[in-house]
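Here the structure comes first, spelled out in structure tokens, and everything after it is commentary.
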Amino acid sequence: MKTMLSGIKPTGRLTLGNYIGAIREFVKYQDEYEMFIFIANEHALTVPIQASELRKNTKDLIALYLACGLDPEKCTIFLQSDIAAHAQLGWIMTCMSGYGELQRMTQFKDKMAKQETGITAGLFTYPPLMSADILLYDPDYVPVGVDQKQHVELTRDLAERFNKRYSDTFKVPEPLVTKVGAKIFDLQDPTKKMSKSDTNPKGCIDLLDNPATARNKIKSAVTDSLGEIRFDPENQPGLANLITILSALTDEPIESIVERYQGKGYGELKKETGDVVFNFLTDLQARYQDITSSGKINEILNEGAQKASKVANKKIAKVYRKVGLTI
Ligand code: ATP
Ligand code: LTN
């Protein structure tokens with residue numbers, strides 16, 4: 001059985017973009033692959049965050065993972081900081097990375113451009129920590145949104161570099177970017193990614209938004225004045241985004257939606273998409289409430305940490321021997 005691994009950092013509330021671009025994929029794959037899914041809480045420290053907020057986000061994220069359909073019987077769900085090997089291998093990967101190489105990471109450049117103060121060194125060195133997260137478990141595939149692909153490519157380079165410098169140690173993983181919905185866009189500015197760190201809440205749907213509010217956000221999404229329903233992300237980005245959301249949540253192919261809407265107006269498409277989002281969030285939030293009140297989260301994390309640490313500890317011991325840290 002092939003192995004797959006991915007993680008999300010608990011920096012804020014999860015969005016519909018996170019669900020469509022990432023979690024939905026994890027759920028689909030859990031039957032076919034040996035899955036490791038973790039909460040990248042050490043990555044959340046790259047930007048200033050209150051301890052209480054980090055704790056709350058972490059618990060919410062686990063409950064949402066489960067509510068979205070991840071099954072602890074099928075996949076290993078754990079907290080990054082429960083396994084010291086992540087930080088240990090993270091340091092070694094930082095030392096394997098070139099300064100210029102990290103400077104070229106587009107996410108770092110974007111964040112630098114947006115945020116003038118409070119840039120931490122952690123924001124700069126977080127890709128090698130992400131590489132460590134991945135390489136500890138020898139996954140074949142890493143499902144991520146398109147914005148994370150470059151970091152998985154860095155991981156491949158670091159794995160190859162290490163294998164060449166020492167000897168064969170890490171599997172070289174492949175990024176897996178979903179076909180529909182690799183990037184869900186902001187509803188008010190469809191040239192920008194829908195993001196939880198966004199400032200305009202009307203552009204972004206949180207998975208914990210009131211479902212009726214979310215439906216209204218779809219209704220007031222920015223489209224265009226061309227008046228024809230086509231899937232044309234370049235010239236009709238707002239419309240293409242809505243079609244993508246509808247397709248992702250219903251599994252109806254994009255072409256079939258476009259065909260169904262020939263001769264119809266944007267209002268009808270928005271209504272159907274809004275209703276689908278409303279129902280999706282209503283069901284999801286009911287499951288989220290059940291899980292939150294069940295008190296099972298700690299148990300699931302303890303089991304996950306036990307399983308993950310067996311794999312990770314073996315790998316870090318091997319790496320320590322190879323690089324000469326173990327005498
Ligand atoms: P931020 O925008 O604050 O940097 P983020 O929403 O990208 O955060 P992450 O936790 O880093 O947050 O993302 C988790 C996963 O969700 C990643 O695989 C990412 O590619 C995916 N993802 C995030 N936003 C979107 C989006 N708008 N469309 C599709 N996938 C997304
Ligand atoms: N950097 C990712 C989260 C993340 C991750 C990982 C994803 C941390 N470690 C390992 C896949 C594999 C992000 O910001 N979305």
Side-chain angles (χ1 to χ4, degrees), residues 3-26 35-47 49 57-58 60-61 64-65 68 78-81 83 86-87 89-90 93 105-112 114-115 122-123 125-156 158 173-187 189-199 203-207 233 237 240-241 244-245 248 308 312:
T3 303
M4 205 176 254
L5 169 139
S6 198
I8 295 188
K9 56 181 193 300
T11 38
R13 293 172 66 173
L14 281 189
T15 70
L16 193 63
N18 293 131
Y19 174 75
I20 294 177
I23 304 177
R24 184 178 65 114
E25 296 298 297
F26 307 165
M35 284 284 264
F36 291 92
I37 297 292
F38 70 100
I39 288 115
N41 57 349
E42 290 168 348
H43 289 271
L45 300 176
T46 53
V47 289
I49 185 165
N57 290 344
T58 304
D60 273 355
L61 182 53
L64 279 169
Y65 269 162
C68 288
F78 64 99
L79 207 55
Q80 181 187 29
S81 62
I83 315 242
H86 286 251
L89 185 61
M93 287 299 140
M105 295 292 119
T106 51
Q107 210 187 42
F108 174 72
K109 285 196 278 191
D110 289 353
K111 295 219 167 163
M112 274 288 272
K114 267 198 257 168
Q115 196 186 330
L123 201 59
T125 59
Y126 113 103
L129 176 60
M130 173 162 165
S131 300
D133 298 336
I134 297 171
L135 297 176
L136 279 173
Y137 300 90
D138 281 334
D140 298 277
Y141 302 107
V142 183
V144 282
V146 77
D147 58 325
Q148 291 295 327
K149 196 167 168 239
Q150 196 187 26
H151 296 156
V152 183
E153 272 150 12
L154 171 77
T155 304
R156 291 170 59 84
L158 293 177
E174 269 180 55
L176 205 70
V177 178
T178 165
K179 286 192 196 72
V180 176
K183 195 164 179 181
I184 299 297
F185 293 88
D186 187 287
L187 298 169
D189 177 359
T191 58
K192 262 182 26 197
K193 180 180 97 154
M194 181 185 281
S195 161
K196 56 196 172 193
S197 37
D198 213 324
T199 40
C204 176
I205 292 181
D206 276 356
L207 293 181
N241 195 34
T244 304
I245 292 173

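In each ligand, atom 1 is the first atom listed, and ligand 1 is the first ligand listed.
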Starting at CG of Leu5, measure out to CZ of Phe26 and round the result to the nearest 0.5 Å. 8.5 Å

Distance (rounded to the nearest 0.5 Å) between Asn57 CG and Leu14 CG: 9.0 Å

Please answer whether the main-chain N or O of His86 pairs with a side-chain N or O of Gln80 as donor and acceptor at a distance below 3.5 Å. no

Under 4.0 Å from ligand 2, residues with heavy atoms, in chain and number order, are Leu5, Ser6, Gly7, Lys9, Phe38, Ala40, His43, Tyr126, Met130, Asp133, Ile134, Val142, Val144, Gln148

[atom] - nearest protein heavy atom and its distance:
atom                    : answer
atom 3 (O) of ligand 1  : Ser197 OG, 2.6 Å
atom 31 (C) of ligand 1 : Gly17 O, 3.4 Å
atom 11 (O) of ligand 1 : Lys9 NZ, 3.0 Å
atom 18 (O) of ligand 1 : Gly145 N, 3.1 Å
atom 20 (O) of ligand 1 : Asp147 OD1, 2.4 Å
atom 4 (O) of ligand 1  : Lys111 NZ, 3.1 Å
atom 29 (C) of ligand 1 : Ala182 O, 3.1 Å
atom 5 (P) of ligand 1  : Lys193 NZ, 3.6 Å

What pair of heavy atoms forms the shortest contact from [X] to [Y], and how long is it?
X      : Y      : answer
Met194 : Gly17  : SD-N, 3.7 Å
Cys68  : Ile23  : CB-CG2, 3.6 Å
Pro143 : Ser6   : O-OG, 2.8 Å
Ile245 : Leu16  : CG2-CD2, 3.8 Å
Leu154 : Pro127 : CD2-CB, 3.5 Å

What are the atoms of ligand 1, with element, lying closer than 4.0 Å to any heavy atom of Ala22? 15 (C), 16 (O), 18 (O)

In ligand 1, the atoms that come under 4.0 Å of a heavy atom of Lys183 are 28 (N), 29 (C)

Step through it carefully: locate the ring centre of Phe108, locate the ring centre of His151, and say whether they are under 6.0 Å apart. no

Does some side-chain heavy atom of Thr3 sit less than 4.5 Å from a side-chain heavy atom of Asp138? no

Can you find a heavy atom in the side chain of Leu89 that is under 4.5 Å from one in the side chain of Ser131? no

Which one holds for Met194 and ligand 1: side chain close, backbone close, both close, or neither close, with close meaning a heavy atom under 4.0 Å? both

Under 3.5 Å between any N/O of Ile184 and any N/O of ligand 1: does that happen in this structure? yes

Geometric class of the Phe78/Phe36 ring pair [parallel <30°, tilted 30-60°, perpendicular >60°]: perpendicular

Using heavy-atom distances, let me know which of Ile8, Asn18, Leu14, Val47 sits nearest atom 23 (C) of ligand 1. Asn18

